[in-house]
> 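Next up is a structure, given as structure tokens.
Just the heavy atoms: all of them, side chains too, but no hydrogens, waters or symmetry mates, feed the values below.
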Number of protein chains: 2
Amino acid sequence: MATVNPSSGVSRLRVAVPAVATRVASELRLQIAEGALLPGAKLKEEALSEELGVSRNTVREAFAELASERLVVRQPNRGVFVASLEVSDIHDVYAVRRAIEVSAVRGGGSAESIAAVRAAVEEGKRAAAAGDSEGLGSANAHFHGALVAMAGSERLNVIMSQVLAEMRLFFHKASIDGGFYQDYLADNDQICSALEAGDNDLAAERLLSYLARSEEHQAAVHTS
Amino acid sequence: MATVNPSSGVSRLRVAVPAVATRVASELRLQIAEGALLPGAKLKEEALSEELGVSRNTVREAFAELASERLVVRQPNRGVFVASLEVSDIHDVYAVRRAIEVSAVRGGGSAESIAAVRAAVEEGKRAAAAGDSEGLGSANAHFHGALVAMAGSERLNVIMSQVLAEMRLFFHKASIDGGFYQDYLADNDQICSALEAGDNDLAAERLLSYLARSEEHQAAVHTS
DNA sequence: TCCCGCGAAAATGTTCAACAATTCAACAAT
DNA sequence: ATTGTTGAATTGTTGAACATTTTCGCGGGA
């Protein structure tokens with residue numbers, strides 16, 4: 001029967017059928033990530049309830065989950081809307097990235113965790129070679145996720161994944177030109193090299209430089 | 001009629017009567033913070049529903065909110081329990097603190113934000129003089145919250161407040177001896193002084209040293 | 001004695017229907 | 001043009017019901 005995690009284990013083996021509310025949240029999360037639900041769009045409880053074949057209460061629980069991830073915002077008595085990031089949010093999100101990513105890089109990582117970073121770099125190169133703009137963005141997200149993963153902290157990983165989800169949010173608002181990530185491939189490679197060489201401070205410095213340029217770019221795109 | 005925040009503004013003026021679910025969450029949050037609900041305690045939906053005079057569904061929504069803050073953990077089909085941090089969580093929480101606090105300190109802050117840090121130091125000194133152990137802990141939380149507030153990032157502030165709430169969680173598990181914070185008053189003062197002198201790197205260094213010792217202390221207490 | 005499965009009780013997950021409270025848009029009035 | 005007013009639509013909350021899962025005691029058997 002495989003009884004597992006007697007203590008505070010959220011993850012149990014089982015067949016792991018996610019609760020309905022969780023699945024609804026995942027579905028909405030996916031649609032937001034894909035751009036099927038654009039920032040600012042209103043999510044009506046009743047409509048979603050019918051469309052997804054679940055009760056209003058369940059939709060409501062899913063909303064709570066997404067709201068905690070900042071993917072939607074709740075306006076009391078008005079409804080929930082797909083989060084729409086403003087210019088000020090850009091700076092805020094990058095503040096979080098600076099804190100978390102730089103800290104992880106400064107702390108270095110195990111050989112395997114650095115290998116994961118390298119893998120993300122290669123993934124990006126392949127996508128670039130194939131002209132896969134979509135895959136390039138995905139690889140970039142993987143790269144920065146891998147950086148944070150070096151720290152081996154579950155909480156930091158969760159925070160980072162939420163931040164990356166938020167980033168995708170304003171990528172849709174002003175759809176990014178194809179060569180957006182192209183410029184940053186070399187940066188990623190150099191950061192990774194510094195890590196492999198054990199020079200964490202250099203890696204951190206390069207990362208900070210990258211983040212500054214990236215933020216500037218985003219700000220420029222979103223003030224036009 | 002004071003139309004406010006036309007865009008994604010969660011905060012509107014209004015009379016601001018928090019929704020019932022929000023109030024229930026606040027109430028539970030308070031009881032957890034005060035230690036009325038100890039880590040590991042089970043929160044039964046029906047019992048709370050009666051006790052607070054709200055419906056089960058509303059209790060459920062409050063649970064979702066608390067779960068997103070990691071104050072409670074949901075075990076599917078088993079119920080929700082007040083989060084009980086294990087030794088591994090200590091390291092994890094401190095990883096987040098290192099990332100966020102150090103980043104904020106390195107970035108420095110405005111004169112007012114530094115003044116807020118100084119105010120928290122003084123608050124701690126007063127509490128120490130009065131032998132108020134409780135107030136000492138509170139002041140310490142204010143101090144570290146003020147450090148992060150220097151960055152001026154809403155997201156970082158939210159993350160930090162959640163982390164501080166988590167910290168209080170394992171303070172209850174192994175109730176801290178009275179002179180726990182006493183030792184750290186001087187650290188706080190020195191960190192603050194470095195900030196006031198504009199030497200952010202020195203402040204960051206001292207903070208890192210403090211966090212390392214604090215983590216060690218916590219780990220020692222919780223492995224006994 | 002110990003262990004294993006069976007079944008009832010209890011708690012959670014989800015649904016459904018209803019009502020109160022609030023917002024919103026259209027429209028009338030000044 | 002601005003201000004009230006009305007009514008429909010939507011959210012907030014409730015209460016009850018049912019399905020599912022876990023828990024736990026209990027008897028049977030090695």
> Want to settle it: does B:Phe63 or A:Val54 sit nearer the 5' end of DNA chain C, counting the closest nucleotide to each?
B:Phe63
> For B:Asn77 and C:dT12, give me the distance from atom CG to atom C1', rounded to whole Å.
6 Å
> Between atom CZ in B:Arg60 and atom C1' in C:dT15, what is the gap in whole Å?
12 Å
> Searching all strands shown, indicate the nucleotide that pairs with D:dT20 (Watson-Crick or G-U wobble; both distances under 3.5 Å).
C:dA11
> Quick one: pull up CD in A:Gln75 and NZ in A:Lys42 and give me the separation to the nearest 0.5 Å.
9.0 Å
> From D:dT13, D:dG12, D:dT22, pick the nucleotide closest to the side chain of B:Ala21?
D:dT13
> Would you kindly give the CZ-to-P distance between B:Arg56 and D:dC18, to the nearest whole Å?
14 Å
> Under 4.0 Å, heavy atom to any atom of DNA chain C: which of residues 43-53 of chain B qualify?
B:Leu43, B:Lys44, B:Glu45
> Using purine N1 to pyrimidine N3 plus N6-O4 or O6-N4 for Watson-Crick, or N1-O2 and O6-N3 for G-U wobble, both under 3.5 Å, which nucleotide pairs with D:dG27?
C:dC4
> Evaluate the side-chain proximity of A:Leu147 to A:Leu195: yes if any heavy-atom separation is below 4.5 Å, no if none is.
yes
> Below the 4.0 Å mark, does D:dG12 have OP1 or OP2 next to a side-chain nitrogen or oxygen of B:Thr58?
no
> Let me confirm one number: the CD-CZ distance from A:Glu65 to A:Arg60, rounded to the nearest 0.5 Å.
15.0 Å
> Can you name the residues that form a ring-ring contact (aromatic ring centres under 6.0 Å, His included) with A:Phe81, not counting sequence neighbours?
none
> Whole Å only: how far is the CZ atom of B:Arg74 from the C1' atom of D:dT21?
15 Å
> For the pair A:Thr223 (side chain) and A:Ala219 (backbone), establish whether a donor and an acceptor sit closer than 3.5 Å, ignoring hydrogens and angles.
yes
> Quickly work out the A:Asn57 CG to C:dT12 C1' distance and round it to whole Å.
14 Å
> Taking all non-hydrogen atoms of both residues, which atom of A:Glu166 and which atom of A:Leu85 are closest, and how far apart?
O-CD1, 3.6 Å
